[in-house]
Amino acid sequence: MELNAEQKRAAEFAGDDVLVLAGAGTGKTSTIVARVVHLTKIGVDPRRILLLTFTRRAAREMRHRLTQQIGSSAKTVPTGTFHNFCLQYLRRWPDLFECGSLTIIDRDDQLQLMKLARANVVGKDAAFPKSAELANYYSYARNTNRPVAEYLAEFTDHDEDAIKRISSVLQDYTKRKHECRYFDYDDILHLFARQLHRSRIVREKMQSRYDHILVDEMQDTNPLQWLILDGMRDPAKLFCVGDDAQSIYAFRGADFRNVHSFTERVAGAQVLKLEQNYRSTQEILDLSNWLLDQSSLGYDKHLRAARGPGIKPVLVELDGDFEEADWVASDLMQRHEDGDPWRDHMILTRSAWAARSVEAALIENDIPYRFIGGTQLLQSAHVKDLLSLLRVIDNPADQLAWMRYLTLWPRIGEKTAATTIGKLLTMPNIKAISEFLADQYKTNPRLAESITECLTCWDRPSDVIGAATDKMTPLLEKKYDDWDRRSKDLKLLQRLAAKHQSVGEFLETYTLDPITESEASNEDVDDLVTLITVHSAKGTEAPVCYLIGVQPGNYPHVRSIGDDDKEEEERRVLYVAMTRAQNELFLTGTLRSHGAYVPHHNRFYQSGGSSSQPYFLSDVPPELVQSDLDIDTDPFDAPITSFRG
DNA sequence: AAGCTCTGCTTTTTT
DNA sequence: AGCAGAGCTT
């Protein structure tokens with residue numbers, strides 16, 4: 001791998017701590033990988049180099065690139081997400097971290113539990129924040145490491161009384177969590193960080209474990225994650241790579257300004273810069289640079305293309321989202337016919353929901369694709385039904401799973417289930433519970449049989465799923481009228497499970513790293529179009545990128561309008577999206593919405609995008625883009641132009 | 001207490 | 001389109 005001078009300087013940095021400011025496409029991943037290679041070359045034990053990322057995708061990519069460079073010893077370099085890394089130590093030393101056994105719950109379970117807590121504290125009160133909002137408050141406060149009440153007082157409009165009530169709901173939520181031995185995503189980081197700062201033993205153990213800590217996407221670290229880094233560094237040296245213009249995780253407590261305070265937080269730290277862009281053509285960068293220049297914040301970023309000129313980005317304006325989806329699909333098919341592989345194309349979307357019509361068009365036209373960031377396979381109702389059975393066996397204290405499992409059966413509703421759960425929680429093991437259930441529900445023998453059946457093959461995850469599916473099919477068939485379609489997912493699940501050592505490990509892997517249906521079913525296919533949310537796409541690239549939904553109301557998103565910080569983050573989201581493209585960039589959008597649901601808070605722009613609605617591209621200089629007017633608007637009755645001229 | 005039907009509301013982004 | 005809640009029947 002060839003490095004340029006600035007990359008080489010970063011990779012071979014010999015001082016203590018360093019922050020590498022790396023613009024989009026400047027070879028950030030290559031530089032981190034080169035850093036690891038360099039460290040091993042000068043004699044650092046690979047096991048003492050820690051590589052932290054924010055997403056599993058990034059971790060996978062990093063490990064892949066590292067394997068290409070140094071072969072099998074890449075496996076010995078600990079690489080993972082913050083969550084993964086922390087969880088590993090909570091499991092290894094449960095006593096040191098004072099956590100015992102734990103069950104990780106996903107956002108759905110969190111919301112379910114929050115709903116119970118909310119109902120318990122406030123009863124019915126439509127004006128009171130919904131459970132999703134409460135969960136967001138809770139998570140944000142913890143990720144920024146501040147007391148909830150303080151955060152609420154400062155950042156929301158709630159009065160003192162409301163704050164009190166919200167706090168008590170959150171307290172109730174916490175209590176319920178402990179009862180079931182549940183740990184949500186934030187708990188993983190929080191527990192680790194707390195012990196790291198509270199217990200001298202933990203701190204000494206962790207600080208002596210690594211010589212170098214390499215952090216990707218530093219601009220996305222929130223205060224909680226910083227506590228983790230700060231607790232583990234020194235003597236371990238920090239090598240942090242980031243770009244303030246690509247900070248798009250403020251909703252999770254990250255503040256892009258933190259990148260700038262690195263030198264204040266870490267005494268003697270140096271700052272290096274990577275500015276040469278290797279990914280895109282100059283035209284793509286010109287538009288991206290222009291977008292940042294429009295900001296009131298001085299990003300002071302001007303990416304230069306090492307590759308030189310190419311094709312201007314194309315603005316395509318369609319009549320509605322179906323037309324947009326069709327346009328993208330037919331353009332893809334045209335290119336594929338012309339010999340371009342599917343894998344050269346990436347479709348970027350602001351939200352998973354906005355990608356629905358495009359996904360439909362891809363399916364309709366048999367275009368192979370994988371959707372990253374979309375509805376997760378394990379979140380679909382029928383899969384959760386089935387998994388609830390595995391969960392109760394894995395952790396008999398898992399009340400949410402019991403509730404789901406028991407209420408699946410006829411004549412068992414919430415009330416009955418709750419009484420039953422109350423009784424079975426006092427029992428010593430799953431064996432006793434299943435005997436109790438067999439006795440309790442004689443009219444539904446399958447309820448208990450399913451449990452015993454799964455137990456007979458518990459050490460073979462894929463067989464367990466098979467057994468559970470067999471036992472529960474009659475039940476699920478009745479519950480879902482599109483069962484034929486849904487039952488395929490359970491087969492998929494069985495295939496996925498085959499790769500795992502134990503049911504517990506299988507469940508946990510997919511709680512922490514959910515997988516979409518299209519990803520799971522296309523695991524062995526590699527020529528695919530990638531449909532991806534902008535947030536998931538950070539760090540990736542493709543020769544041809546379609547950015548869908550580029551229209552007023554999306555960039556900036558309606559929910560951010562009026563809040564300068566949020567609007568600026570939206571600008572960065574669009575910037576990240578644009579800078580994924582290597583050769584060609586299409587920006588598609590519609591100015592009118594066609595019968596689609598438009599939430600009342602953004603009704604005002606329904607009639608057209610011209611009005612006062614802020615829109616980042618509303619005055620894009622014409623010389624920076626091509627318009628589709630030149631491409632496809634030949635009216636049907638226009639005079640024919642002879643090719644002889 | 002369970003289960004059915006009807007109505008109204010919802011959709012940002014991730015671990 | 002799918003889900004939660006209300007209100008009704010079994």
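Order of the sequence lines sets the chain letters (A, B, ...), proteins ahead of strands, with each chain counted from 1. All values below come from the heavy atoms of this structure, side chains included, with hydrogens, waters and symmetry mates left out. Not measured: the values here are computed from a predicted model.
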Expected rows: protein N/O vs nucleotides 3-6 of chain B N/O, under 3.5 Å:
residue: B:dG3; atom: OP1; partner: A:Arg411; partner atom: N; Å: 2.6

| query | Reading DNA chain B 5' to 3', what string of ( ), [ ], | and . shows its pairs, if Watson-Crick and G-U wobble pairs count only when both distances fall under 3.5 Å? | reply | ||||||||||.....
| note | Rounded to whole Å, CG of A:Asp321 lies from P of C:dA1 at a distance of 13 Å
| message | So that I can tick it off, tell me whether A:Asp321 and A:Arg356 are bridged by a salt bridge, with the cut-off set at under 4.0 angstrom between side-chain N and carboxylate O. | response | no
| query | Hey, which of A:Asp184, A:Asp172, A:Asp186, A:Asp398 is the one that makes salt bridge (charged side-chain N to carboxylate O under 4.0 Å, His left out) with A:Lys177? | reply | A:Asp184
| field | Where A:Ala354 and A:Thr349 come nearest, the two heavy atoms and their spacing | value | CB-OG1, 3.8 Å
So which protein nitrogen or oxygen atoms get under 3.5 Å of nucleotides 3-6 of chain C's nitrogens or oxygens?
residue: C:dA6; atom: OP2; partner: A:Lys124; partner atom: NZ; Å: 3.4

N/O to N/O distances under 3.5 Å, protein versus nucleotides 13-15 of chain B:
residue: B:dT13; atom: OP1; partner: A:Ala352; partner atom: N; Å: 2.9
residue: B:dT13; atom: O2; partner: A:Arg350; partner atom: NH2; Å: 3.0
residue: B:dT13; atom: O2; partner: A:His535; partner atom: NE2; Å: 3.4
residue: B:dT14; atom: OP1; partner: A:Thr533; partner atom: OG1; Å: 2.9
residue: B:dT14; atom: OP1; partner: A:Ser536; partner atom: OG; Å: 3.1
residue: B:dT14; atom: O2; partner: A:Arg252; partner atom: NH1; Å: 3.2
residue: B:dT15; atom: O3'; partner: A:His83; partner atom: ND1; Å: 3.3
residue: B:dT15; atom: O2; partner: A:His83; partner atom: NE2; Å: 3.4

| query | Is the backbone N or O of A:Leu447 less than 3.5 Å from a side-chain atom of A:Asn444, with the two atoms forming a donor-acceptor pair by type? | reply | no
| message | Restricting to non-hydrogen atoms, name the atom on A:His535 and the atom on A:Tyr249 that form the minimum distance, rounded to 0.1 Å. | response | O-OH, 3.3 Å
| task | Taking only Lys NZ, Arg NE, NH1 and NH2, and the carboxylate oxygens of Asp or Glu, determine whether A:Arg572 and A:Glu569 approach each other closer than 4.0 Å. | result | yes
| query | Can you tell me if A:Gln551 uses its side chain to pair, donor with acceptor, with the backbone of A:Thr590 under 3.5 Å? | reply | yes
| note | A:Phe128 meets the side chain to side chain contact (heavy atoms under 4.5 Å, CB included) criterion, sequence neighbours left out, with A:Arg118, A:Val122, A:Asp125, A:Leu134, A:Arg165, A:Ile166, A:Val169
| query | Under the side chain to side chain contact (heavy atoms under 4.5 Å, CB included) test, which residues partner A:Val576, sequence neighbours left out? | reply | A:Gln246, A:Ile248, A:Val534, A:Lys538, A:Arg580
| task | Compute the ring centroids of A:Phe85 and A:Phe192, then answer whether they are less than 6.0 Å apart. | result | yes
| field | Gap between atom CG of A:Asn84 and atom CZ of A:Arg56 - 0.5 Å precision | value | 5.5 Å
| field | A:Arg92 NZ/CZ over A:Tyr89 ring centroid, <6.0 Å and within 45° of normal | value | yes
